[in-house]
There are 4 protein chains.
Amino acid sequence: MPAHSNPSSQTSQKPFSGIIPPMVTPLLDDHTLDKPGLSRLIEHLIRGGVHGIFALGTTGEAPSLSYALRKELVQLTCEQAAGRVPVMVGITDSSPEESVLLAQFAAQVGAAAVVAAPPYYFGMDQSELVTYYQYLADHSPLPLYLYNMPSHTKISIALTTVQRLSKHPNIIGLKDSSGNAVYFNAVLHAMKDAPSFSLLVGPEEMMASSVLMGGDGGVNGGANMFPTLYVDLYTAAANRDHEKVLELQTKVMEISHRIYCAGKTGGGYLQGLKTALAFLGICSGHVASPLGNFSEEEKERIKEHLDYLA
Amino acid sequence: MPAHSNPSSQTSQKPFSGIIPPMVTPLLDDHTLDKPGLSRLIEHLIRGGVHGIFALGTTGEAPSLSYALRKELVQLTCEQAAGRVPVMVGITDSSPEESVLLAQFAAQVGAAAVVAAPPYYFGMDQSELVTYYQYLADHSPLPLYLYNMPSHTKISIALTTVQRLSKHPNIIGLKDSSGNAVYFNAVLHAMKDAPSFSLLVGPEEMMASSVLMGGDGGVNGGANMFPTLYVDLYTAAANRDHEKVLELQTKVMEISHRIYCAGKTGGGYLQGLKTALAFLGICSGHVASPLGNFSEEEKERIKEHLDYLA
Amino acid sequence: MPAHSNPSSQTSQKPFSGIIPPMVTPLLDDHTLDKPGLSRLIEHLIRGGVHGIFALGTTGEAPSLSYALRKELVQLTCEQAAGRVPVMVGITDSSPEESVLLAQFAAQVGAAAVVAAPPYYFGMDQSELVTYYQYLADHSPLPLYLYNMPSHTKISIALTTVQRLSKHPNIIGLKDSSGNAVYFNAVLHAMKDAPSFSLLVGPEEMMASSVLMGGDGGVNGGANMFPTLYVDLYTAAANRDHEKVLELQTKVMEISHRIYCAGKTGGGYLQGLKTALAFLGICSGHVASPLGNFSEEEKERIKEHLDYLA
Amino acid sequence: MPAHSNPSSQTSQKPFSGIIPPMVTPLLDDHTLDKPGLSRLIEHLIRGGVHGIFALGTTGEAPSLSYALRKELVQLTCEQAAGRVPVMVGITDSSPEESVLLAQFAAQVGAAAVVAAPPYYFGMDQSELVTYYQYLADHSPLPLYLYNMPSHTKISIALTTVQRLSKHPNIIGLKDSSGNAVYFNAVLHAMKDAPSFSLLVGPEEMMASSVLMGGDGGVNGGANMFPTLYVDLYTAAANRDHEKVLELQTKVMEISHRIYCAGKTGGGYLQGLKTALAFLGICSGHVASPLGNFSEEEKERIKEHLDYLA
């Protein structure tokens, strides 16, 4: 029975499925990891029942960090996770060679897979994208996840590109952060007969609906704060427990509304998330340059929202 | 019990819910309606169980048509529907006054509501958008639906704008064609306590998932061809019949894949749809300028796909 | 001697060259022309030495106006101009048939040419654009100008499209409002051997430099306020009077900086221009919906800037 | 006398002015410099009279290269230039810390200045951009050039941001590659009273016109092939020798038309440029991943075009 046509009798059995939080990178300042915070965060996630950890994604601010810091983070994360959950490592870079070097490092320290969004400086076409991902997959010692993130990379991984790349033995799934449900449903449909290829969504607001339609889980930022909530929502959706889905979805939407839109101009996902993690006592809330940090007033609003959500 | 928090025990009871096809405009050429085709199409839709008809939307090519032809179409549609299903009329225009004139005409000939996307020439901000919609709502004799269509209008109707406008007594719902599930779920959540405000999605690929999460239905182009399929999918989603949803969703995705992506460059939604309607013997397949028509080769491909789908 | 390779010994002798202001539409409210203001404005322009008048462009807010009002404006403009300068009429519309109807009307009341930007609702490709313009050119009784306005129409008229269309006997020039000097210089170079095809730029900030490189003039909004300044700058550039160019360019840039960027968010071209025209006693300053009008505070700033510029 | 109001009696005397080619990075493959080719290229440029060399720009494919290779290139370039012309080094990166590390390295090996486009992964606002550039300028041992490149970085450096940053003692100029002449003229006007702040344009198609209006020169890719042509065009524009400007501009436009648009889809700037350099015997033509290389057929076309241009 193909996984996508009947995803609901139980949670997915694929290697990467369920809730795999895009872990924030706890920072004391732009150049220094908050190591105790990182340990606490990883324990908090594992205790919360997550199915994996994704380090160095967009939420992990990877592109803003120096390579030395990125490596330090990957090593410490793998050490702390200690095999209890698989660690996926973002290797997105504008330089393919730097991506491969990071993939090699990740393999050495025990990561389970790597994740790459398209190179994000030059405009590319889909055939260049295919060549690029094949190069990465050929040279990465770890299995590779595709990462669709058009708002940041200026290119969407076309459905036909996903189909072609899914045939590479070292490419095992797609994380889609486009927010585009037409695209995601088209990928779901096209990959029906490739049940071992896993399909995750980034935005938590659409995680439940995507799992109801056959998706394999979510890489949801909010799971940094409240891992159990997202694991429960995933499980409810995978088990087609509709009442539960709608009840928990309401909570997820409140988080989205209150924590990610608290900035002056209605945005501030990363700032809101890290500020909340600081108030929750999990780790330092510093956001690395070039992104700015919240003002005291904005932080105060997050605090009020956390009280409301509690 | 608020409608959005428990949408599934039965189909929505709102004035506009269910499947309301964005009816194509059957044309003999750019300037001439295919009147017998229009009659056949409307009978086909009503026989198929649709809950309403939306004339002069994007799928209806309204912006390409002369005003004289738009009026003729509205009149004939209302006459043929003859009160069996409500008729919604698109009044989207860059000129607010022309929109109001068309709304007045629609009221005279018996339409039930009007639908307007933002004016699509000048760039606007959200406060100008609020003023614009309030003007339309104040001057339209028929209730007004908001229509979010950022790919064509260059602006998205912000969540806060929807919230403000939903308080106007003559604004009764939103049709969202952004394809953005984060946006749609945010609107669903925000409008939870306004159960009479109806929320429809345009793209059929996400209709089922949006109804599962509390949406009120779809304005889906494919329902021009196969109205029963879309009505059944809507009903299955509204009744939480999951097996049925996944079974019918597969059919909808095959249509999307085979009919809407048959153009040379992987697109061609409108051309594919109208070509298929011609092959199905429902109405003429001509697409109005400025959009081009399919080549004979592309038409042949549609025919093969229809045979496959049959 | 080809016009573009030596444009500077004298001003261009093409049918449409020099300064052709995109005339604002003086309005008492959204639905009513300010007729005395219109007369004063046209006299002000002709007295200022302009080489033509372009009615119903973007600056003329054409897409926001009803068809009845557009026709009234065209008729009154032609009557007032009375053959002293040629009148060009914007016929941009999402419906080709409405464009042709307006072109026919413009011919009847004595206009000299029509101008059309691409249809601005549906996304098109270049081949659809070619077909579209050929249709307009075939059916317009007046010669047709192409109008490149990608920020508003979502499509740029590609160089190869301009080249193909320039061979149509009824297409006589291009007005480029992209602001893109790479594009404009490429068109200039490509059209070198078509000396009767005229090339005008919209943005006044680049009018002088484009004329220095071989362009034929400008359709500059600021000429509504200060026609002589723009005519003098054009003449200086056409005559390669460099000292004069730099002296007058400074004035034009001050206008651009002070009048067009006085809005809350640093924009407000149309609002600034119309507010200034009202303060100068030329015509009413009302901006039609959907665009908003300046606040009293913003108007006050325009007044101060006008005092500074005087 | 302010430099910008009278730029033309002689070429600019600013530290960075004239023609500073964005040097291609000669590569044997994605990971290996073509060292003899690099030496030949630098000698070719210096012999051609260029006023400086800009290494690791967009044309230098910096974002595609590993850090090790970038450093090797900078060192070899400085050694070969040996103080005969100043070397500017691109330090654009999504990680501020990596940018500073490269700036430090560039200083050690003798570069004269560094150049940075905005970080290109996260979306930023202008206030974050100001903070970012102030950080770079504070920490760079070399003076810093701003680099406006919105097509690749998704953000334009606003005029007000340029004005604020120009007051930092270590920020000495702006390279604008937007192609937007309205923007460039606005910057020229605004920076009139900051005569030591230098303003260069990227696109060679608008270099002459920008210098005629007061700009300080160009960072033009074509100067890799034909340095003397671009130096002569700059000099003619700076000296207001109009006949010469139009004569040489024609040649530059032919290069742009024939070499940069030879790809299948009308693009291929970098591929065309590097292919031409290979045919000219200057250096290897390999383009680094993720961008693709020209097909044999496309290369052949470049060869024909070079023959035509010769």
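A quick note: this is a predicted structure, and the numbers were derived from the prediction, not measured. Every chain is numbered from 1, with letters handed out A, B, ... down the list of sequences. Just so it is clear, the values below take in all heavy atoms, side chains as well, and ignore hydrogens, waters and symmetry mates.
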More than 12 heavy atoms from other groups under 6.0 Å of [atom1] on [X]:
X: A/H168; atom1: NE2; answer: yes
X: B/R258; atom1: CZ; answer: yes
X: A/K299; atom1: NZ; answer: yes

Going through the distances and angles, do B/E204 and A/V182 end up as a side-chain contact (heavy atoms from CB on, under 4.5 Å)? CA-CA 8 Å; B/E204 54 211 73; A/V182 176; over 6 Å; no

Find the one option among B/T160, B/V201, B/N185 whose heavy-atom pairs under 4.5 Å with chain A are most numerous.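 Answer, by heavy-atom pair count under 4.5 Å with chain A: B/N185.
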
Using non-hydrogen atoms and a 4.5 Å limit, figure out which bit of B/S256 sits close to chain A: side chain, backbone, both or neither.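 Neither part.
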
Using non-hydrogen atoms only, which part of A/V245 is less than 4.5 Å away from chain B: side chain, backbone, both, or neither?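 Just the side chain, heavy atoms under 4.5 Å.
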
Below 4.5 Å, heavy atoms only, C-beta onward: do B/E254 and A/H189 meet side chain to side chain? yes

Name the residue from A/M206, A/Q249, A/M253 that meets the side chain to side chain contact (heavy atoms under 4.5 Å, CB included) definition with B/M213. A/Q249

